[in-house]
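Reviewing the structure listed below.
Numbering of ligands and ligand atoms starts at 1, following listing order. Excluded from the calculations below are hydrogen atoms, water molecules and symmetry mates; all remaining heavy atoms, backbone and side chain alike, are included.
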Amino acid sequence: METFRCSLPATDLIFGKGSLECLGTEVRKIGKKALLVTGKKSMKRLGFLKKSCDYLEKEGLEVVHYGEVVPNPTVEVVDKGTERAIDNGCDVVVGLGGGSAIDTAKNIAIAAGHFEGEKISIWEFAGVHDKPRQITSKSLPVVAITSTSGTGSHVSRFAVVTNQKTREKIGIMSRFLCPRLSIVDVDILSCMPPSVTAKTGFDALTHVMECFVSKRANPITDFTCLKAMKLIFDYLPGAYNKGDDMEAREAMALADTFAGWALVTSRPILPHALSHPVSAFYPEIDHGVALGGLTLRIMRFNIERGDEGTVSKYCEIAKTGGEKVASCNKKEASKSVKAVQELLEKIELNVTLKDLGVKEDSFEDMIESAFTTMKGPIEANPVPVTREDILNLYSKSM
Ligand code: NZQ
Ligand code: MN
């Protein structure tokens, strides 16, 4: 075995039906005044916002609600939340919702924690600058309560934010971004409508497929990725078709957690690198949907150009997706594309970029954005890629 180095997840996890109940007793150990960060509608409508406030207040915590998070959250949304946290003297940030709410909570925790009297923006910490502001242990502690099974944000050290002015969507990365505590309650997850189940579930699948073939993969990643892939191939269609199938919901929640670990121990590759610019230029296109439009084409590209090791990993993906693979070669490896395509069809997400409203005249700017904001995932792709390759991949995904 080759020598390898990787980070390990650093989050306490409470997993299971009804686990939201322990929110107050757990957060009491971390802080006194919580900024509770949510999206605009779902958590309020479903009653989980009120439940969370009640659990926290029952244990003597003060709660300040910030409910303005939008999908693909922007710098403005984070900065406004940061001001709210600072003005109210919050000492812990709780994110209740999907990746958008949790990432916003994490980003607020960084900016509010580093406030020293001068106005502060999360963008100062973005890796697009020559000298971004350092993220240190001053970041406030984060508690994540996930309402989707897709981003792995509840256990990862990333927080994504979009700068609408520069059209850059980036993942801020730091070990201080791993939530201190994470709660995964299937009662919340079972409320996802089918379209949210599909796009978030496919996001989780791409995390594990990408981290598995990534140059940064290692035996720890391989184990969690294969386990998560199997769960997603087996259970995502069920969760999509029957939202109250608790076994399917639990399986997807586990897969999402393994996938979040994979993002910590390895690194995603080209589909993530190319999907971020899609949502940066077309904010109405959700992350998982953009991945639905790009993944198959990139899998074919990596198999066509991949070395033996890469091809054998795609053969493993094919097998995990239920395909019969006799001996491993490029032809057999392409069965992985068939397996993923069939899954996309089952969850009605087999889309083209054209279907999503992407225009060819934005390709050049999107490629530029991919090279500034997603250099890490581009470099982690098992096959080297040029600008021309990316242009081709975007064009063929139309
Ligand atoms: O906004 P509200 O009203 O809360 O409604 C949300 C939103 O409209 C709704 N929803 C969420 N949970 C629900 C629910 N509706 C009913 N029942 C529930 N249980 O679903 C919509 C989508 O929510 P969102 O949080 O945007 O989705 P997701 O979890 O896919 O998060 C996407 C964001 O995470 C980033 C993405 O780029 C995107 O910004 N990612 C974060 C990563 C990380 N931190 O490690 C990695 C990922 O690759 C990804 O980039
Ligand atoms: Mn993703």
Query - Mode of V70 contact toward ligand 1 - side chain, backbone, both, neither (heavy atoms, under 4.0 Å) - result: neither
Query raised in the report: Does atom 23 (O) of ligand 1 have a protein non-hydrogen atom under 4.0 Å from it?
Result: no
Requested in this report: Tell me if the SG of C328 lies under 2.5 Å from the SG of C315.
Outcome: yes
Query raised in the report: For E360, does its backbone N or O pair with a side-chain atom of Y394 as donor and acceptor, under 3.5 Å?
Result: no
**Report entry** Considering all heavy atoms, the nearest S156-G260 contact
**Finding:** CB-O, 4.2 Å
Query - Region of V196 that comes within reach of ligand 1 [heavy atoms, distance under 4.0 Å] - result: side chain
Query raised in the report: What part of K40, side chain from CB on, backbone N/CA/C/O, both or neither, has a heavy atom under 4.0 Å from ligand 1?
Result: backbone
Report task. Looking only at protein heavy atoms, identify the closest one to atom 37 (O) of ligand 1 and say how far it is in Å. Result -> K169 NZ, 2.8 Å
Query raised in the report: Is N72 touching ligand 1 with its side chain, its backbone, both, or neither, if touching means heavy atoms under 4.0 Å apart?
Result: both
Report task. Return a yes/no value for K106: is any of its N or O atoms, backbone included, closer than 3.5 angstrom to an N or O of ligand 1? Result -> no
Report task. Would you check the N or O atoms of V69, main chain and side chain alike, for any that come under 3.5 Å of an N or O of ligand 1? Result -> no
Report summary line: Ranked by distance from atom 45 (O) of ligand 1, the top protein heavy atom is S156 OG, 3.0 Å
Query - Polar side-chain atom of T11 near backbone of P179 as donor-acceptor pair, under 3.5 Å - result: yes
Query raised in the report: Side chain or backbone of H207 under 4.0 Å from ligand 1, or both, or neither, by non-hydrogen atoms?
Result: side chain
Query raised in the report: For R175, does the CZ atom sit with more than 12 other heavy atoms under 6.0 Å from it, leaving out its own atoms?
Result: no
Query raised in the report: Are T146 and T151 close enough that some pair of their side-chain heavy atoms sits under 4.5 Å apart?
Result: no
Report task. Please confirm whether the backbone N or O of L20 pairs with a side-chain atom of D185, one donor and one acceptor, at under 3.5 Å? Result -> yes
Query raised in the report: Looking only at distance, does R45 have an N or O less than 3.5 Å from an N or O of ligand 1?
Result: no
Report task. Report yes if some N/O of T200 lies less than 3.5 Å from some N/O of ligand 1; otherwise report no. Result -> no
Query raised in the report: Given S147, G99, P377, which has its nearest heavy atom closest to atom 28 (P) of ligand 1?
Result: G99
Query raised in the report: Can you say whether the rings of H276 and H272 are parallel (under 30°), tilted (30 to 60°) or perpendicular (over 60°)?
Result: tilted
Report task. Please check if F301 and M366 belong to a single hydrophobic cluster, counting links between Ile, Leu, Val, Met, Phe, Trp and Tyr side chain heavy atoms closer than 4.5 Å. Result -> yes
